[in-house]
Asks: 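Here it is, the structure in full.
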Protein chains: 2
Amino acid sequence: MCVIISLTEENYLKAIYTLSHLIDESEVSTNQISDHLNNKAATVTDMLKRLAEKKLIHYIPYQGVKLTEKGRQTAIKVVRKHRLWEVFLVDKLQFKWDEVHEIAEQLEHINSDELIQRLDKFLGKPKFDPHGDPIPDANGQLNIVKAIPLNQHKIKGMFTFVGVCEHSKTFLQHLTSIGLKIGDTLKVEEINEFDNSCKVKINKNNSQFFSNKVASNILVEIKK
Amino acid sequence: MCVIISLTEENYLKAIYTLSHLIDESEVSTNQISDHLNNKAATVTDMLKRLAEKKLIHYIPYQGVKLTEKGRQTAIKVVRKHRLWEVFLVDKLQFKWDEVHEIAEQLEHINSDELIQRLDKFLGKPKFDPHGDPIPDANGQLNIVKAIPLNQHKIKGMFTFVGVCEHSKTFLQHLTSIGLKIGDTLKVEEINEFDNSCKVKINKNNSQFFSNKVASNILVEIKK
DNA sequence: TACAAAATTTAGACTGCTCTAAAAATTTGT
DNA sequence: ACAAATTTTTAGAGCAGTCTAAATTTTGTA
Ligand SMILES: [Mn+2]
Ligand SMILES: [Mn+2]
Ligand SMILES: [Mn+2]
Ligand SMILES: [Mn+2]
């Protein structure tokens, strides 16, 4: 029942969870995990055997892995903690959105159900983290976000900026430097066929060009 | 210069720091550390060698250990983090003072100078933790507390309750159950010679008896 | 379909931290 | 002063998590 799950095991489970949700809900390969965690493939294989032993994953050698229900619950709890702590760091301690990820990587492993419940309440039971990612509730339920990258819409018009695909410090800082933050209104005024760049007005400000690379990492909803 | 100090090593340094301050600033023995951390003496010897190697302690086999300046700075930083997090848990998340120690034992190892500086500011740069223990400042300076256990005063009169010696959950809960909290005024009305118990009025409430054991774990200052 | 390339696992080793059992050093008591 | 008791260290081992090198399995393509 009450198997102890180490910090390292939590990180593997979170990696498998994240990787399996990148596209569909598919199986995750050893090399994918190895790349994601910066460990060697042999190390990953070793850990996969231990996680399977603990019934946290379904593992068939050479065939990739999937989380069991127990593994999924564990992973999603880590994600919940990570995102709640990020909200704390930004909302309460005034960190910038590009500064919080590394600290949250540590805080996500603090083990106390009471703590996380009280933190959630203290923060006003937020539904999204500072990057627009949904925060799973205490039961592991997650708002499915139907947002799509800006460049996939292929139409002019009004959008709301609700999240990012890319979470790197440099990308987040770039968005800050062009004056873009979660919740802003984007008006796409032109789309250039040849390179998929677009001319965009942020809120009521001057228009500027977004490269396809930028537009592909900005998640938007069509503005009602 | 920038030697990495593991969570385990931090706990050893904190233990040595705490034990060396119990009475005077004396050397700490292998068995003291072993008792304090619930590790075997052989395990401690092993770790002492590694800490000495990293210049965090002065270690002479069979003669006990002392922190180096670097070791002391590391230990005191952990203590600072522990106590700041306890303030956070009590002041912001409404935990009771007997519920926070175990969680702070985890949080004290989160590694981010920026985080601790912002947390300190967020909490209003507190000078004491929920148990009355002083919080070292960012430079490792600590208010020396001149408080003395109630039973050592041996005189009637008015005192202020400023801290506890014993930090166990059961003792803290006992104090709560008799309605005693940090900052309360204690009026010692009687002292019984034969068992050193005393009759005490808390603030303006009814008087009650404190056993010597209770009185020996309550730190007070004479009320001005 | 066969075979080369890529992915994955196995084998063997190392570090950090822990243990037990035994040896050595120190302290204590008479 | 010295034997007994206590403390501390040494020796040898195990587990978790990591690595490199080699073997094995799967995949993609000629
Ligand atoms: Mn993050
Ligand atoms: Mn995030
Ligand atoms: Mn504490
Ligand atoms: Mn405390």
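Please read these numbers as outputs of a predicted model, since none were measured by experiment.
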Asks: Roughly, in whole Å, what's the span from CD in A/E10 to P in D/dG17?
Replies: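 Value for this atom pair: 11 Å.
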
Asks: Given A/Q73, which partner from the list A/E69, A/K77, A/K70 fulfils the side chain to side chain donor-acceptor pair (under 3.5 Å) test?
Replies: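 Between A/Q73 and the candidates, side chain to side chain donor-acceptor pair (under 3.5 Å) is satisfied uniquely by A/E69.
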
Asks: Taking atom P of C/dC17 as reference, at what distance in whole Å does atom CG of B/N11 sit?
Replies: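 For the pair B/N11 CG and C/dC17 P, the rounded distance is 11 Å.
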
Asks: Using 4.0 Å as the upper bound for N to carboxylate O, is an ion pair formed by A/K49 and A/E53?
Replies: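 A/K49 and A/E53: not salt-bridged.
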
Asks: Report the residue (A/Q63 or A/N39) whose heavy-atom-nearest nucleotide on DNA chain D is the more 5′ of the two.
Replies: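 Whichever sits nearer the 5' end wins; that is A/N39.
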
Asks: Give me the distances for all protein-to-nucleotides 20-25 of chain D N/O pairs that come in under 3.5 Å?
Replies:
residue: D/dT25; atom: O4'; partner: A/Y62; partner atom: OH; Å: 3.4

Asks: Looking at A/F128, I'd like to know if the NZ or CZ of A/R83 sits under 6.0 Å from its six-membered ring centre while staying within 45 degrees of the ring's axis.
Replies: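 The answer is no; the distance or angle limit is not met.
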
Asks: Has B/Y12 got a side-chain N or O lying under 4.0 Å from the OP1 or OP2 atom of C/dT18?
Replies: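 Yes, because at least one side-chain N or O of B/Y12 sits under 4.0 Å from OP1 or OP2 of C/dT18.
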
Asks: A/S6 side chain N/O closer than 4.0 Å to the phosphate oxygens (OP1, OP2) of D/dA16?
Replies: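 Answer is no, no contact under 4.0 Å.
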
Asks: Please test B/H167 against B/H131 for ring-ring contact (aromatic ring centres under 6.0 Å, His included), starting from the C-alpha separation and ending with a verdict.
Replies: CA-CA 8 Å; B/H167 288 69; B/H131 313 103; 5.6 Å; yes

Asks: Rounded off to whole Å, could you give me the CE-to-P distance for the A/M47 and D/dT18 pair?
Replies: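 From A/M47 CE to D/dT18 P: 6 Å.
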
Asks: For DNA chain C, which residues in residues 48-57 of chain B have a heavy atom at a distance below 4.0 Å?
Replies: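 Residues of residues 48-57 of chain B under 4.0 Å from DNA chain C: B/R50.
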
Asks: Please name all residues satisfying salt bridge (charged side-chain N to carboxylate O under 4.0 Å, His left out) with B/E108, sequence neighbours left out, ordered by chain then number.
Replies: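 Once residues adjacent in sequence are excluded, the partners of B/E108 under the salt bridge (charged side-chain N to carboxylate O under 4.0 Å, His left out) criterion are B/K14.
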
Asks: With sugar-phosphate meaning primed atoms plus P, OP1 and OP2, does B/T45 contact a base, only sugar-phosphate, or nothing at under 4.0 Å between heavy atoms?
Replies: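 Since a base atom lies under 4.0 Å of B/T45, the category is base.
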
Asks: Output yes when at least one side-chain N/O atom of A/T8 is less than 4.0 Å from OP1 or OP2 of D/dA16, else no.
Replies: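 Checking D/dA16 against A/T8, no side-chain N or O comes under 4.0 Å of OP1 or OP2.
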
Asks: Report yes or no: is the cationic atom of A/K92 (NZ for Lys, CZ for Arg) under 6.0 Å from the centre of the six-membered ring of A/F122, at an angle within 45° of the ring normal?
Replies: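 Checked: cation-pi criterion met.
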
Asks: Grab the CD1-P distance between B/I33 and D/dT9 for me, whole Å please.
Replies: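 The answer, rounded to whole Å, is 9 Å.
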
Asks: Does B/N31 make a side-chain N or O approach to OP1 or OP2 of D/dT8 shorter than 4.0 Å?
Replies: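 Yes, such a contact exists.
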
Asks: Rounded to the nearest 0.5 Å, how far does OG1 of A/T176 lie from NZ of A/K169?
Replies: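 Going from NZ on A/K169 over to OG1 on A/T176, the span is 11.0 Å.
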
Asks: Send over the distance from B/D46 CG to C/dC19 C1', rounded to a whole Å.
Replies: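 Answer to the nearest Å: 11 Å.
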
Asks: Which word best sums up how the rings of B/F88 and A/W85 line up, parallel for under 30°, tilted for 30 to 60°, or perpendicular for over 60°?
Replies: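 Rings of B/F88 and A/W85: tilted, as their planes differ by 30° to 60°.
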
Asks: Determine, for A/Y17 and A/R72, whether the Lys NZ or Arg CZ falls below 6.0 Å from the six-membered ring centre while staying within 45 degrees of the axis.
Replies: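 No, a cation-pi geometry is absent between A/R72 and A/Y17.
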
